[in-house]
Amino acid sequence: MSYNVKLDVFEGPLDLLLFFIKRDEINIYDIPISYITQEYLEYLDIMKSMNLHLAGEFILMASLLMRIKVQMLLPREKVDSEELIEDPRTELIQMLVEYQKYREASAMFKDMEETQNKFYPVKTATDTISWDPGLFLADVHLVDLGIAFRNLLESMPKTKYYQIETYKININQQAQILRTMFSTKKRIKFSSVAGILKNRIEVVVTFLAILEMVKSEEISVSQKTIFGDIYLTKIQLKETNVIADA
Amino acid sequence: MLSQTHKVIMALLFSAEEPLTSGQVDLCLEEPVQLDEIMAEINEYFEKEGLPVWGQKIAQGYRLMTREEYEPWIRRLYQNQGNVKLSKSALETLSIVAYKQPITRGEIDAIRGVSSYLKSLLEKNLIEIKGRQEGPGRPLLYGTSSHFLEYFGLNSLQDLPKLKEIEEIMNVEIEDGNEEEYVGNPAE
Amino acid sequence: MLSQTHKVIMALLFSAEEPLTSGQVDLCLEEPVQLDEIMAEINEYFEKEGLPVWGQKIAQGYRLMTREEYEPWIRRLYQNQGNVKLSKSALETLSIVAYKQPITRGEIDAIRGVSSYLKSLLEKNLIEIKGRQEGPGRPLLYGTSSHFLEYFGLNSLQDLPKLKEIEEIMNVEIEDGNEEEYVGNPAE
């Protein structure tokens, strides 16, 4: 089988299938599934042999085709003659018909584009009129707003963020704050600890400090109900070890 | 000869950066006018004088455009930029958006069978975000913009050829194909 | 009556985005023309017909202008066509206010790296003062207005495209250059 087809012309698996359907004058509502599967797989083989990367959608379609083929080969169970047997091709046919509709429509858009491209809008200079030039330049849409913001974030020097993160807060320091709190109380609610923290980073670091202290058996944590407040309790016995570690 | 009203409307047409609507003309003139009638007269005048322009009814308004026959010269003026045409996949995506709007990216992909790129259509101002779909994930909904109408020379979305008409074209093509050949295919 | 050359040059003048130079005209017509003479004749024609436009000679060439006496109407047109357009810097500022509100001017400037003018956005009622920040100097806090939501067709601020969604739209574009090549990407 020879293919005089440009490799890059197919928009996707549906486009490729429609190419076979048109080329071989196949009735889209009665696709010879075995034949078309073979054509499709041969095409994919050619792509592979040319060391071309196949988009996942093409592989997916291959498996759909093979599934339909198998379903059609299976002997159908006897059913009530009144009942219609669902054709395994139905879903594929619906997809192809729907896609073909818009593919035809896009050909029409192409014609319309070509026609309209022959007209050029008349442009008059307008500098005799005074208006606010800062507010009269470009059409703005919602996505422009998002893109503008995203680009600004992108262009900001990244180091700024890191400076703030590594700045004046670390696990040891937060652990020390907790130890100070434990010097007057044996048990502390986590919510009361979180209450004095200024931002998310402090909460995260403090939480890490708590985990460290639990790991070194300096404190224990407990909870009475699910999603309830967490209690931090100082473990007296291990105190000497911890001080030695610190 | 041209009346004062004709001249004022012509001046507005010349200076407008987007299609001039009847509402805008009424506002500027501070009295209601029959824009369609006046534009018909202005177009008649342009034609009679052999001027290289016409007022096109587009995107719910009128825009002054050069006549088709001057395109070869004007194109030379723009030789370096030229009119960049939309790619095949952009046109496919756009036609799905046009007929099924408002639509999510997932729905577009499902019809095309591949993932679609919306950025260039958004950048060219042909489609825009129309809101979010209710339900899980609340995905963004896309639709066509008013520039879309201008770009394709349409007055409104109702001027889009009905998909039914397209289906009819397709059916004719199918009937043209030879169906009998495949009746006895080994697959069945 | 107008000659073909006059009409072609008129078409070029009408569609040019920049002042039309004698060199450009020679290139488009593929023969040298006396642009000054022809433009004088075209202007004479406009005058005689009472058309609301004329070709103005400036340093770089000729450009199409509307006549001064139509300014009052055109001004009104810009006032109601132009109120929905934003410059790049206004857009940047607006996007920061939209996504980071409530925000102080200092914080906006820090993100943009330049000082920002909020006056025009305030005048256009796209942003508004939301209060004052606690702390030194108690600077004013800005946020978007309900008109902003209306203008962008949003139900609430939660409907703003999320940064993740913008990333999706932007990033996929890297492959968009290959959009005709879904099948044909070289593996290595």
Side-chain angles (χ1 to χ4, degrees), chain A residues 9 11-15 17 21-22 24-37 55 57-58 60-61 69 72-73 95 97-110 112-126 129 136 139 141-144 146-147, chain B residues 13-15 17-18 53-54 56 63-68 70-71 74 78 83 85-86 88-89 91-96 98-100 110-115 122-123 125 128-129 145 147 150-154 160-161 163 166-167 169-170 173-174 176-179 181-183 185-188:
Chain A
V9 293
E11 290 299 313
L14 294 172
D15 200 22
L17 287 175
I21 287 168
K22 187 155 187 174
D24 300 336
E25 297 179 349
I26 292 168
N27 177 0
I28 197 168
Y29 295 101
D30 189 19
I31 296 170
I33 207 77
S34 165
Y35 169 75
I36 208 132
T37 305
E57 293 95 352
F58 282 89
L60 210 65
M61 179 56 75
K69 189 178 155 185
M72 294 196 68
L73 288 173
M95 279 165 73
V97 168
E98 176 85 345
Y99 172 68
Q100 191 178 17
K101 211 157 65 179
Y102 295 104
R103 206 179 63 156
E104 297 289 332
S106 76
M108 191 187 66
F109 277 113
K110 196 176 168 57
M112 282 159 43
E113 178 187 42
E114 201 144 296
T115 308
Q116 190 62 22
N117 265 339
K118 290 182 180 138
F119 311 129
Y120 291 79
V122 171
K123 291 183 190 75
T124 315
T126 41
I129 311 283
F136 198 82
D139 231 333
H141 294 265
L142 194 52
V143 72
D144 303 320
I147 290 174
Chain B
L13 270 178
F14 268 108
S15 46
E17 305 212 352
E18 46 196 75
V53 286
W54 64 301
Q56 185 182 22
R63 179 134 206 211
L64 220 48
M65 308 294 275
T66 54
R67 278 189 195 280
E68 195 177 339
Y70 297 93
E71 191 246 354
I74 298 170
Y78 288 102
N83 273 321
K85 301 256 171 74
L86 293 172
K88 201 175 151 200
S89 63
L91 281 167
E92 250 182 46
T93 307
L94 191 56
S95 66
I96 294 169
Y99 283 101
K100 303 274 281 185
I111 292 174
R112 295 192 61 223
V114 288
S115 49
L122 283 163
E123 269 179 354
N125 242 339
E128 56 192 21
I129 296 168
S145 63
H147 180 65
E150 274 184 71
Y151 188 83
F152 290 103
L154 296 164
L160 281 174
L163 275 183
I166 294 166
E167 266 177 284
I169 299 168
M170 279 164 45
E173 279 175 13
I174 289 161
D176 285 348
N178 195 343
E179 290 172 39
E181 265 180 43
Y182 294 96
V183 171
N185 198 283
E188 269 74 39

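Every value quoted in this text rests on a predicted model; they were computed, and no experiment measured them.
Other residues, nucleotides and ligands place more than 12 heavy atoms under 6.0 Å from the NZ atom of A:Lys123.
In this structure, chain A has a heavy atom under 4.5 Å from the side chain of B:Gln56, while its backbone stays farther away. Using a 4.5 Å cut-off between heavy atoms, B:Glu92 touches chain A through backbone and side chain atoms alike. Within the 4.5 angstrom heavy-atom criterion, only side-chain atoms of B:Leu160, from C-beta onward, approach chain A.
Salt bridge annotation for B:Lys85-A:Glu113: absent, with no cationic side-chain nitrogen under 4.0 angstrom from a carboxylate oxygen.
Relative orientation of the B:Tyr99 and A:Tyr102 rings is tilted, given thresholds of 30° and 60° on the angle between their planes.
For A:Glu98, the salt bridge (Lys or Arg N to Asp or Glu O under 4.0 Å) criterion is met by A:Lys101, B:Lys100, not counting sequence neighbours.
Comparing B:Thr66, B:Leu13, B:Thr93 by how many heavy-atom pairs each has under 4.5 Å with chain A, the most go to B:Thr66.
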